[in-house]
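To start, the structure under review is shown below, and the notes come after it.
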Amino acid sequence: MICEVVINNISRHTDNIYHYLAPENLNVSVGQRVVVPFGRGNKPLEGYVLGICEESEYKNLKEILSLADGYVYFNEKTASLIKFLHHRFFSPYCDIIKAVLPRGVSLKMVTVVHLSDNGEDYIKSKIKNSLIKERIVETLKENGGFCELDELCKNVGRKNITQTLKSLVCDNIVYTELKKEEGQKDKYIKVASLAIEREEAYRMCEILEKRAKAQARVVEVLCENESVSLSELLDICETSKSVVDVLEQKGIVTVFEIPRPFDEEISEIDDKKVELTDEQKSAVETVGKSIDNGENKTFLIHGVTGSGKTEIYLNLIERCMNLGKQSLFLVPEISLTPQMVAQVKGRFGSRVAVIHSMLTVRKRYEEWKRINEGEVSVVVGARSAVFSPLAKLGLIIIDEEHEGTYKSESSPRYHTTEVARFRAKSEGAVLILASATPSFESYWRAENGKYTLIELKNRVNNRDLPKVTTIDMRKELENGNFSIFSERLKTEIANNLKSKQQTILFLNKRGYSSFVSCRKCGYVPKCPNCDISLTYHKNGGFMVCHYCDYKTEKLDVCPNCQSEQIRFFGLGTQKVTDEIAKLFPSATYLRMDADTTSKRFSHEEILNKFRDEKTDILVGTQMITKGLDFENVTLVGVIAADLSLYQDDFRAGEKTFSLLTQVVGRAGRGEKEGRAVVQTYYPENEIFSYASNQDYVSFYKNEIALRRQMLYPPFCEMINFTASSDSEKTAFDALLNFRNALLDEIKEKNIKADVFGVQSAPMHRINNKFRSRFIMKMNYNREIYERIHTLLKNFYKDNVSIIVDVNPVNMY
DNA sequence: AGCACGCCGACT
DNA sequence: GTCGGCGTGCTC
């Protein structure tokens, strides 16, 4: 039997599937972790079995050394998913495996060097012909006769001592041993129980009572309880482990290890079911039928904000559960949707696993294992949860499907929707994509019959959508209003304060930061590593680079012209709150952005505060656009709506529209009617009339025509190639050669593709690496993809790396 | 990446 | 002669 093995954690050059023979006595299957001899030195390395085959074109195959453990980490469906991801997104196998498996399972092979008996002789003998050998032996002796190889190298002060070691092994002075070093694995807890009959133990208690009170207490507790965890036992008896050790030696108590039980979080089951609207009922029926029949179908739910999509999900998950199938529920960012997570947990209790980015490594591993062993019916999580090892997958839900966070920006650079489509197809599951503003790619597929479109046109409480007013900020300036709030927004806020209703102020900060500039000469301080304008932080008075976290003191004098007219421009959420404090001194407000939510759980804290303490105003960035459902919010203000319109990105319009729709949708979710004020410097842009009418379809029709004409997705696929290197020229030249080789292949195979020229990347320097890029528009073609794979291997050198990004969301 | 192999100068 | 430095090329 021949196994397809990928070696974990080496380099792009060795990022291949290697064939190994499985020894007869080893029961190897797909998804197992194995140790294989690799390279000329047959260095034992960790690998994963991706497949089994009968024949191989390679001669002289080596044999698998051993299984790392008996555990099956993934099934064959997952193995084919890994292969697909590798081919489609040009990600190294080991990165994909890292994404599929939880962190902390990786295995390290450690070589331990031991001093053999002859070693003593060597020290005594005077034949010391090598300084290094001498030092090695000395280090070993100091360490008690053995040392790990890495450690030994460090102590000796050499990078590579294999040669020297080999000669020492030959002379029988040292020997080496191979040890497996486990990462995060099953944690065991120690449990104590009686080793003797209880009757006898009671008698022992009386004897011990006189001279060893602590021992007596321990035995007493154990008489009353079958078995007690050691830590608990010591706690109750107020004693130390030595007492238990003595009892164990006497043969009265035994201590053994059991796997740590998972700490169950008790969540109350909230079984109250909401009566569904007709729209919701028919959506559940349509999708439900497909689930019942095990059809592989994709539905696009286009529902206005507040149309009650969550209730539909919950019903469908339940339906799935009743069929004995599992569901996968994906949200853009788990910490942004605490209410939704709470609802799922409330409904399904301990059958839900929540994969949270804030989980500790250990907790994450436990949850993964619970899922892998089939103890879970629903998994809720962000992007990476799409890989959850559910064996009986019946339903995948991708909520807020248009969100950019579904595209991974680091290796493996997958798109969640595409992975979900692949899984749904190979595992016979139903896929639901849902959004108030679907991505154009998805809506286009629905229009073309690839997805089934379900429209939800009404809000559950039958409330109207918020009334949107667009304000021309240029006129405000003309009328002498230099504030960041228009007169209209000021009055609306004042009204809300009077009627004790809550307000959300949204600042569209992406692609725009509060940069520092000199009013006299125009100088802008930039990051010395990344060439990005530094952002000023009032808290602490320093400037910071948002890419590499470079920090520097704020400037008082312009270093270019010595003028003192150096000022901080642009808006931060802090500037907005400052303005609130000035205009409405009695108002209470909260700020929510990356700065205030960097702490663990602070996100939820802020939201709870806003809800419970009835804070008047919440100021925030992108984060507040999602999932918030507060009844008392009746006013939404968008401070500068057009900021994101001026990015050099063909999706800028789509992104801005969706942002506006989402944020405006936060208002008027309860009994009271909602209003929204959108401030812009360019109200002529059609996007504002579509957005104020919440007319997605018209906006889509208008914009998709443009996409077709300009040949942008969904009418083509885009691939972004970026080369980075310490030297600008190296990066550029390497990419140029890469592009030429690719062009040759495209010409030869006569493929339709637009290959643009090599240019300096928009983020031309990040962390002292220079970056060049070129873009290619081409629809998927197997042959070209294969060619790109081989080219990548050839062009991967120490001094340049080429990154491929398929259908990128951001094109830095 | 890591490691072996091979070629070359320095030193017992 | 041999040790060790560095360049090159392969890894089922």
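In what follows, chains are A, B, ... by sequence order, proteins preceding strands, each numbered from 1.
- Donor-acceptor pairing under 3.5 Å, judged by distance alone, is absent between the side chain of A:Tyr18 and the base of C:dC12.
- The NZ-C1' distance, from A:Lys59 to C:dT11, rounds to 18 Å in whole Å.
- Put simply, the side chain of A:Phe732 does not reach to within 4.5 Å of the side chain of A:Arg771, judged on heavy atoms.
- In this structure, A:Tyr20 reaches the sugar-phosphate backbone alone: every heavy-atom distance under 4.0 Å involves primed, P, OP1 or OP2 atoms, never a base.
- A:Asn42 places its CG atom 17 Å from the P atom of B:dG2, with the value rounded to the nearest Å.
- At whole-Å resolution of the value, CD in A:Glu57 and P in C:dT11 are 13 Å apart.
- When each of A:Ser11 and A:Arg40 is assigned the nucleotide of DNA chain B with its nearest heavy atom, A:Ser11 is the one assigned upstream, toward the 5' end.
- Classification of the A:His86-A:Tyr93 ring pair by plane angle, with boundaries at 30° and 60°, yields parallel.
- Comparing A:Thr14 and A:Gly41 by the nucleotide of DNA chain B that holds the closest heavy atom to each, the one mapping nearer the 5' end is A:Thr14.
- C:dC10 atom P lies 15 Å from atom NZ of A:Lys62, rounded to whole Å.
- Distance A:Lys43 NZ to C:dT11 C1': 13 Å, rounded to the nearest Å.
- In this structure, A:Asn8 CG and A:Glu46 CD are separated by 4.5 Å, a value rounded to the nearest 0.5 Å.
- Rounded to an integer number of Å, the gap from A:Ile52 CD1 to C:dC12 P is 18 Å.
- Here B:dA1 presents its P atom at 20 Å from OH of A:Tyr93, a figure rounded to the nearest Å.
- Ring geometry for A:Tyr365 against A:Trp368 counts as parallel: the plane angle stays under 30°, on a 0 to 90° scale with 60° as the upper cut.
- Atom CG of A:Leu61 and atom P of C:dT11 are 12 Å apart (whole Å).
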